[in-house]
Chemist: 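What follows is a structure written as structure tokens; I'll ask about it next.
What's counted below: heavy atoms across the whole structure, side chains too, no hydrogens, waters or symmetry copies. The first residue in the sequence is number 1, and the count goes up from there.
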Amino acid sequence: MTSTMQLATLSDIAELAGVQRPVVSVWRSRFTSIDQPFPVAIDRRGGREVFSLDDVVRWLESTGHGNNPSVRQDSALAAALDVLDPPELSTVTHGLIALLALKAKLGIAIGDLDARDLIDLADDVDPQDHCLYREIAALGSDVVQWAGHADALASAAFTPAHAMTKLIARHRRLGLTAVSDHTIAPAATALLGQLAAELVLGDPAAPLVAPYGEADLLLALSANTAEPGSVTLPTPHGPDTRYARRVLLAGGWEITDAVVDDDAVVLSPGATVLAVLPSATRPQMTDADVVATLLQIEADLPPDGQALVVGPASGLCAGLPTQLQADRATVLRSGRVRGIVRLPAGLWPSRARQKMGLWLLGPGTGDVRSPNHRVALADLSGTTLDAATTSDLVTDLLSTTPARASTHAFRFARLVQTTSVVAASGDLLTARPQSRRHRTDAATTAAALRDLLARADTGDDVSLTQWQVVPGEVAGPVLVTLGRLVTLGHLRLLSGNRLAEDDVVDEAGGVTVHTVQTLTAPLTGRRSIDRLHLVGTYPASRFTQAEDVVFCTAPRAAALVDRDGFSVVASPARVLRVTPSAPDGLVAEVVAHAVRTSPGQGDWRAWPVPILPSASAATVRAALAEVDSAREALATRLAALDALTAGLVEATSSGAVALLPPIRTTPMEG
């Protein structure tokens, strides 16, 4: 068993040397007949060649190959533990983590202690055998050698916590199936750790409770704080809960046993609860289990407590059967829900297509029935979770309190009346947002439109149809977010073409190009690109179709409807195309107007679009097309009048022409 500490595979050697795996193969083939040949394999384990780690370290030091000047100090991290047989590998892996936890707890070197001393110290640290005593005892007579290896790992990684992190990073090679099944991506742990750190920042002494042993989340939290803190955990009942405790002890956390009443953890005043569902301690959870757990957490939370709950978006955000939807609404009626977020797919490597949901709960803030009681909703399902996104989302969620919401410019979240979210019968993130438009008396609105119609109809150049303007339905149209329409396939999102700036000119004659500049200009501009140059240089360019909505979100939200099509859209402008599957009430001009009149902040996918009643949609569409045609005709005439003005001034002031009064003919008397 002890010889395993001195073995390394080709992949381990590459990691130790700081090079790509093929580089090591090149070294093997190139350096064979020289004075310092690359070490030969000494054995074959599990179908893989293994090498003496000492020989490899000496070769790297003597030849200067690789990109790691500290290969000897780091060599312990390269030991190939996975060449052991599976039962032995499990014993050694859990034993090593237990030894690192013991070392972190004692703060001393343990490699010089004998087996009896190590067992006695393990009993002192873990008298109830909650996490590490039996794992260290299981190493038997080799416990002294593995304790020395734990010292070497901690020295190479500088701390037992970092050594444990590097060891667990190899969970797939080490057979830690529970970790492989439930670990979340670094981008997600960074978000959750940063958010959790902000939650406990106000009162570092406040109780921190992880009812299901969320080791990954707590380690991410400690990465955002000065040092690990204290956490309350329930008494472990199985190997996975024991493992979670070992990991946290190795990470420097102080653990206290939770008081449990009727299988529920009793929370102290001011407690902050962190829960990831499912986790290694609760591996199998249905959407019903997730909702039930959410209900339990809210019911047990003290009045001044807060909670961060992460789990499958299917249970936390999406539409559910009637009873589960009602149970989830019960949590919303508590008035404690501050934010609900849908995170992108890919953050759960073992469930690559599953999206994560996040709920943030805090102290109650008034009557949930009040129009001013709101919940922050954010749908990041189509957003890359990078550092900037993480920081802005955390700021959005922390700014949901009434005192901060009025002064904060939200990037991703939108504040929606809690009653609207409670009443949602499907996906919570498509809840109808609070209307930003002031509803006036229907008769007054109809009269104003009739007046505008009369003023717009000049009777000379353009004659408009005299549509009937009557009061509409009291309830108004249904509002659906742009993101939901894209997800349902009613709108198709198309990216713009990447065109060189020099290829686009400010003149007519070529293919019309829609750019951010033309969209945001005070008057709609016109840019174009030579047709032959477009075909030759950009053969993969996409053309618009009639009724496409061309839009941009920065420097401000702007949109127009391309009536004719066969234009080119330059990135970063994009296209929203109404698909054949869309309902009759989804009108392109209404979509464009929704973008133009949007809040202009946050994720554009959260901006609401009215779906018109089917009975009037065709008439509205025809009317908007007629008005647009009239506007284009008048714009053409206005451009001609502007050109005529400039021509008259230039020609007469230069002396090129003289302008005389018109010839008046006098009728002859007969």
Side-chain angles (χ1 to χ4, degrees), residues 1-16 21 41-54 56 74-103 110-111 115 118-119 122 129 131-154 156-157 160 162-183 215-216 236 238-251 280-281 283 349-350:
M1 181 186 292
T2 56
S3 62
T4 302
M5 304 174 197
Q6 308 301 327
L7 298 179
T9 65
L10 290 174
S11 297
D12 297 322
I13 296 170
E15 184 177 351
L16 176 63
R21 165 65 178 77
I42 61 173
D43 199 357
R44 195 172 187 87
R45 303 277 183 91
R48 293 176 297 168
E49 292 179 307
V50 291
F51 300 77
S52 167
L53 195 53
D54 285 340
V56 171
D74 296 343
S75 60
L77 296 170
L81 300 179
D82 54 318
V83 299
L84 294 166
D85 293 332
E88 193 176 17
L89 175 61
S90 176
T91 300
V92 168
T93 300
H94 290 292
L96 261 179
I97 296 175
L99 288 167
L100 287 171
L102 180 66
K103 180 178 176 63
I110 59 176
L118 286 168
I119 297 299
D129 191 20
C131 59
L132 60 81
Y133 176 82
R134 77 180 65 165
E135 284 76 14
I136 292 177
L139 293 173
S141 59
D142 290 308
V143 66
V144 174
Q145 288 79 8
W146 286 115
H149 189 59
D151 277 345
L153 287 173
H162 288 131
M164 179 269 305
T165 300
K166 289 182 176 293
L167 192 64
I168 294 177
R170 299 184 173 192
H171 51 84
R172 288 187 174 83
R173 292 180 60 180
L174 298 179
L176 298 174
T177 54
V179 178
S180 301
D181 291 342
H182 300 287
T183 189
D216 290 347
D240 292 331
T241 51
R242 293 177 60 86
Y243 165 80
R245 284 202 169 209
R246 279 196 301 279
V247 168
L248 291 174
L249 280 180
T281 59
S350 62

Chemist: Which distance, rounded to the nearest 0.5 Å, do you find between the CG of D151 and the CH2 of W146?
Modeler: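 Reported value, rounded in 0.5 Å steps: 13.5 Å.
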Chemist: Looking at D129 and R134, would you say the former's side chain and the latter's main chain have a donor-acceptor pair under 3.5 Å?
Modeler: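 Checked: pair present.
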Chemist: Identify the two heavy atoms, one from A147 and one from L99, that lie closest to each other, and give their separation to 0.1 Å.
Modeler: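 Distance-wise, the nearest heavy atoms are N-CD1, 3.7 Å.
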Chemist: Quick check: closest heavy atoms across R170 and L77, and the distance to 0.1 Å?
Modeler: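 Looking at all heavy atoms of both residues, the closest pair is NH2-O, 2.9 Å.
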Chemist: Assess the residue pair Y243 and I168 against the criterion (side-chain contact (heavy atoms from CB on, under 4.5 Å)); give the C-alpha distance rounded to whole Å, side-chain angles, the decisive distance to 0.1 Å, and a yes or no.
Modeler: CA-CA 11 Å; Y243 165 80; I168 294 177; 3.3 Å; yes
Chemist: Nearest 0.5 Å please: distance from the CG atom of L102 over to the CD atom of E135.
Modeler: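 Separation between the atoms: 12.0 Å.
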Chemist: Look up atom CG in L167 and atom CG in L100, then write down how far apart they are to the nearest 0.5 Å.
Modeler: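 The CG atom of L100 is 7.0 Å from CG of L167, to the nearest 0.5 Å.
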Chemist: Examine distances only and state if a side-chain atom of T91 and a backbone atom of P87 form a donor-acceptor pair shorter than 3.5 Å.
Modeler: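 Between the backbone of P87 and the side chain of T91 there is a qualifying donor-acceptor contact (under 3.5 Å).
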Chemist: Can you check side-chain contact (heavy atoms from CB on, under 4.5 Å) on L10 and F51, steps first, answer last?
Modeler: CA-CA 8 Å; L10 290 174; F51 300 77; 3.4 Å; yes
Chemist: Which atom names give the shortest non-hydrogen contact between A163 and A157, and what distance separates them?
Modeler: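 Result for this residue pair: N-CB, 3.4 Å.
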Chemist: Could you pull out the closest heavy-atom pair between A80 and A8, with the gap in Å?
Modeler: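 Where A80 meets A8 most closely, the heavy atoms are CB-CA, 4.0 Å.
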Chemist: Should L118 and L139 count as side-chain neighbours, where that means a heavy-atom distance under 4.5 Å?
Modeler: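 Contact flag for L118/L139 side chains = no.
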Chemist: Do you know the tightest heavy-atom contact between H149 and A79?
Modeler: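 Result for this residue pair: CE1-CB, 3.9 Å.
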Chemist: Just how far is it from atom CD1 of I136 to atom CZ of R246, taken to the nearest 0.5 Å?
Modeler: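 Between I136 CD1 and R246 CZ, I get 9.5 Å after rounding to 0.5 Å.
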Chemist: Please say which of I13, D12, L7 ends up in a side chain to side chain contact (heavy atoms under 4.5 Å, CB included) with V56.
Modeler: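 Only one of I13, D12, L7 forms a side chain to side chain contact (heavy atoms under 4.5 Å, CB included) with V56, namely I13.
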Chemist: Using a strict cut-off of less than 4.0 Å between a Lys/Arg side-chain nitrogen and an Asp/Glu carboxylate oxygen, indicate whether E15 and K166 qualify as a salt bridge.
Modeler: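 No.
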Chemist: Minimum heavy-atom separation for L16 and L53, please, with both atom names.
Modeler: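 Where L16 meets L53 most closely, the heavy atoms are CD2-CD1, 4.3 Å.
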Chemist: To the nearest 0.5 angstrom, please state how far the CG atom of L153 sits from the CE atom of M164.
Modeler: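 Rounded to the nearest 0.5 Å, the CG-CE separation comes to 12.0 Å.
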Chemist: Quick one: pull up CG in L84 and CZ in R45 and give me the separation to the nearest 0.5 Å.
Modeler: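 CZ of R45 is found 7.5 Å from CG of L84.
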